[in-house]
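Only one structure is covered here, and it is reproduced in the block below.
Since the model is a prediction, treat every value here as computed from it, not as a measurement.
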Amino acid sequence: MLKTAVLLPLLVLISPFCDAQTTIFGKTGLIYVPTATRTDDGTFQFGYHYNPIRYGFRYKDRNSESISFINLTILPRLEVNVNLLQYNNHKNLDQKGIGDRQLDIKYLILTETSRRPALAAIISPPFGINSSVSADVLVATKTFKLAPRVFAEVTAGIGSPYFFQRGNKVNNDIFADMKLGKKKNLTYQYLSGPVGGVNLRLERRAGLMLEWDSQQFNMGIYGRLFKRWTVQAGLLNFDQITFGTSYALNLRQSAVSSQNRTDEDAVEPETDLSGPSERNKVLENFENITRDSSGTKIAYEQRLYRNPYRAIKQISLALPDSGIQEYIPMFQGVPIGAYRPGRSAKFRNLAGQELNVSDFPLTKYKLDFWLQPVFAANFGYKEKPIQSNASLLLQTQFFLAKGLAFNTGILFPITNDLDNRPKKIRLAPTYLNQFLAFGQNFVSASAGYFYDDQYGVNLQYRHQNFTNPWSFGLQSGITGLYYWAEKGIYYEKMDNMLLLADVAYRLPYHNITMQLSGGRYLAGDNGARLDLIRQFTNVEVGFYIMKTSYGTTAGFNFAVPIPPGKIIQGKRVRLRTNDEFRWEYAYTRGYRIGERYRTGYQLDQKLRQYYPNN
């Protein structure tokens, strides 16, 4: 307690702000016990915790454990937590598995008021083969003000003594052979029975935690450094020490939605638009700028920003008092639609001659080069927890005609312990792409060497009205396998047929899209997939579940901007980073469930960015 008394004031002095404290598995809470504390919409946390040897969840008294996690408040009352438990000193174990991958979902049933506590339900979907860290619990939390800056968050709840587990050890079906198990048969009964605790905190800067986790009494301290970084430590059962750290940010605060965005948010903080030279420098971010004869509409192309609204705000600030009322962004020289910026941007579909609002002068486009990381990974074994294939692409794009672009580049390998591909500098994915727009109908046709080692042809169609929440699309392609061997390029027959259809609905709040797709996938399996996608202006996060004739799986994906954007830029040449990095993870591996390939961009993903309330 003396150490606590010394450390707590120190943390207070160096920590001006504190978000929600996380449990050992990354859920909002105390040490082991989760709470019903509400987190802000868009809060994203990631971190690491150490669990000591005598309290191991899988191999108690044999191995300590390392737990990595990510946690996202995907909706105002909904948290999704993903964690990976690994065993330290794995040579003492006979098993070779990576550890336990766990998904937890928390829903805030009731928010806290002056008279009632907050109430939350937490469940762990039984996707994994091992369920030793399953958390199915109902908790209530109430905050009491003890002094002007001191608060007590009191939590009480009940954890289920039962859990669902998969009896089938084959990993191609996450719902196979479900059985009801009892936690009393596990090595450690995590959250089985009554739980509770208190967080004595000084504002939201630091705190002292005391808890009963249904099995033992634990205590700990935490503090926030530099507003976003939390450090914490705990004493389990007055016996062994646990410790951890996490980092938090808000995806909405880092990129404010268009309705709440100020003009200054639309440009880089260091940009000064007070003079003509500064405004001209901003205009160098744009290409093929064309003003119509009435002077009220301007069309342009930009390839720097993932969010088109940011470009609209930039160009409107760089052209002040110009009489322009509508802004028409283009993609590969093809107009998308007309936007009127404001606190709530308005969109109008183009029609007739407006679709030809711009000619296609090649001289108005820069020689554009960009750096793009490519990363494929699987969870491996204890000896190699992450098996990955990482490369860096230097790519460029040549516009041949309106909507027609030739993409090519050079691939520089970095690491590869995922497959037997040689680490040699080689040609990057190289393909032709034709983009077309006919009012509310869009087409993307590609031919060449694609990503994911497929070559061939691909056709995508989408009906997309940006003023209507419904959209639908079709995709078809025929490809074959290729890869770069040590002595050249290797081909297989072009006999892989891809045929997919989808329908999507965009919910009116929180930029949520629900998408149902299905058909024939790359490996020849037939099935369907359901996606839940949340857009945070500059960041996109999605969760999905799918079932095909090869099995059932679930996973997540995300797309984020790649800093710094432009690196070197002149009037004719530019070097930049790609506008986004996109990655997808599936729980199963090795069963080829619902595989697809990429052709530079997916049409539905590209068009989704152009919704006016993005």
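- R598 and Q605 share no donor-acceptor pair across their side chains, judged by distance under 3.5 Å alone.
- Taking the side chain as every heavy atom from C-beta outward, M330 and Q302 never approach each other to under 4.5 Å.
- A ring-ring contact (aromatic ring centres under 6.0 Å, His included) check over residues 312-340, counting only residues at least two apart or in different chains, returns the pairs F331-F435, F331-Y601, Y339-F347.
- Using modelled atom types and a 3.5 Å distance limit, the side chains of R462 and S471 yield a donor-acceptor pair.
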Checklist entry - Does the pair L432 and L400 meet the rule for a side-chain contact (heavy atoms from CB on, under 4.5 Å), with working shown? => result CA-CA 10 Å; L432 279 168; L400 306 179; 3.8 Å; yes
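- In this view, T553 and M546, A586, Y587, T588, I593 satisfy the side chain to side chain contact (heavy atoms under 4.5 Å, CB included) rule, not counting sequence neighbours.
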Item to check | I315/L283 under side-chain contact (heavy atoms from CB on, under 4.5 Å): CA gap, chis, key distance, verdict | outcome: CA-CA 7 Å; I315 196 169; L283 290 177; 4.0 Å; yes
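- Taking the six-membered ring for Trp, Y591 and Y550 have ring centres at least 6.0 Å apart.
- For the residue pair N511 and R506, a side-chain donor N or O sits within less than 3.5 Å of a side-chain acceptor on the partner.
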Checklist entry - Going through the checks in order, is the salt bridge (Lys or Arg N to Asp or Glu O under 4.0 Å) test met by R582 and E540? => result CA-CA 9 Å; R582 184 174 290 273; E540 180 178 287; 3.1 Å; yes
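- In the model, S444 has a side-chain atom that pairs as donor or acceptor with a side-chain atom of N433 under 3.5 Å.
- The two residues A318 and V282 make their nearest non-hydrogen contact at CB-CG1, 4.0 Å.
- When only modelled atom types and interatomic distance are considered, E301 and Q332 share no side-chain donor-acceptor pair under 3.5 Å.
- Looking only at distances, a side-chain donor or acceptor of S549 sits under 3.5 Å from a matching main-chain atom of N526.
- Checked by atom type, the side-chain pair N81/K106 shows no donor-acceptor distance below 3.5 Å.
- Applying the side chain to side chain contact (heavy atoms under 4.5 Å, CB included) criterion to L459, with sequence neighbours excluded, gives V443, A445, S476.
- Using cut-offs of 30° and 60° for the angle between ring planes, the F466 and Y611 rings count as perpendicular.
- Of the N and O atoms on the side chains of Y597 and D453, not one donor lies less than 3.5 Å from an acceptor on the other residue.
- A heavy-atom distance below 4.5 Å is found between the side chains of N288 and Y365.
- For K281, the NZ atom counts as loosely surrounded, since its 6.0 Å shell holds 12 or fewer non-hydrogen atoms of other residues, nucleotides or ligands.
- A donor-acceptor pair shorter than 3.5 Å cannot be found between the side chains of Y305 and D579.
- Using a 4.5 Å heavy-atom cutoff, the side chains of N349 and N465 are in contact.
- Considering only heavy atoms from C-beta on, F412 stays 4.5 Å or farther from S391 through its side chain.
- Inspection of the Y107 and E79 side chains reveals no N or O donor paired with an N or O acceptor under 3.5 Å.
- Applying the salt bridge (Lys or Arg N to Asp or Glu O under 4.0 Å) test between E287 and each of R572, R574, K571 identifies R574 as the sole match.
- No side-chain N or O of T43 forms a donor-acceptor pair with one of T73 less than 3.5 Å apart.
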Distance-only donor-acceptor pairs under 3.5 Å for side chains of residues 492-499, two or more places apart:
{"from": "E492", "atom 1": "OE2", "to": "Y490", "atom 2": "OH", "distance (Å)": "3.4"}
{"from": "N496", "atom 1": "ND2", "to": "Q454", "atom 2": "OE1", "distance (Å)": "3.3"}

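- Here the side chains of P373 and I562 are in contact, with some heavy-atom distance below 4.5 Å.
- Classified by interplanar angle (parallel below 30°, tilted 30° to 60°, perpendicular above 60°), the ring pair F543/F556 is tilted.
- Listed by chain and number, the residues in a side chain to side chain contact (heavy atoms under 4.5 Å, CB included) with E326 are K297, A338, R340, R348 (sequence neighbours excluded).
- Residues F399 and F406 form no side-chain contact, since every pair of their non-hydrogen atoms from C-beta on lies 4.5 Å or further apart.
- The residue from V560, L72, V80, I533 that alone fulfils the side-chain contact (heavy atoms from CB on, under 4.5 Å) condition with V541 is L72.
- Of the possible polar contacts, none joining the D525 side chain to the T548 backbone as a donor-acceptor pair under 3.5 Å is found.
- A side-chain donor-acceptor contact under 3.5 Å links Q397 and N407.
- Closest approach of G337 to P329, counting heavy atoms only: O-CD, 3.4 Å.
- Aromatic ring centroids of Y455 and F450 lie 6.0 Å or more apart.
- Side-chain N/O atoms of N71 and Q45 include no donor and acceptor closer than 3.5 Å.
- The only member of V457, L522, T599, N458 that meets side-chain contact (heavy atoms from CB on, under 4.5 Å) when paired with T479 is L522.
- For the residue pair N285 / Q314, a side-chain donor-acceptor distance below 3.5 Å is found, with atom types taken as modelled.
- The 12-atom threshold is exceeded at NZ of K424, counting heavy atoms of other residues, nucleotides or ligands nearer than 6.0 Å.
- D502 and S517 share no donor-acceptor pair across their side chains, judged by distance under 3.5 Å alone.
- Using the six-membered ring where Trp is involved, F558 and F581 have ring planes that are tilted, between 30° and 60° apart.
- For E584, the side chain to side chain contact (heavy atoms under 4.5 Å, CB included) criterion is met by R529, Y544, N557, R596, not counting sequence neighbours.
- Side-chain atoms of L411 and P413, non-hydrogen and from C-beta on, do get closer than 4.5 Å to each other.
- By the 4.5 Å heavy-atom criterion applied to side chains, I410 and L427 are not counted as neighbours.
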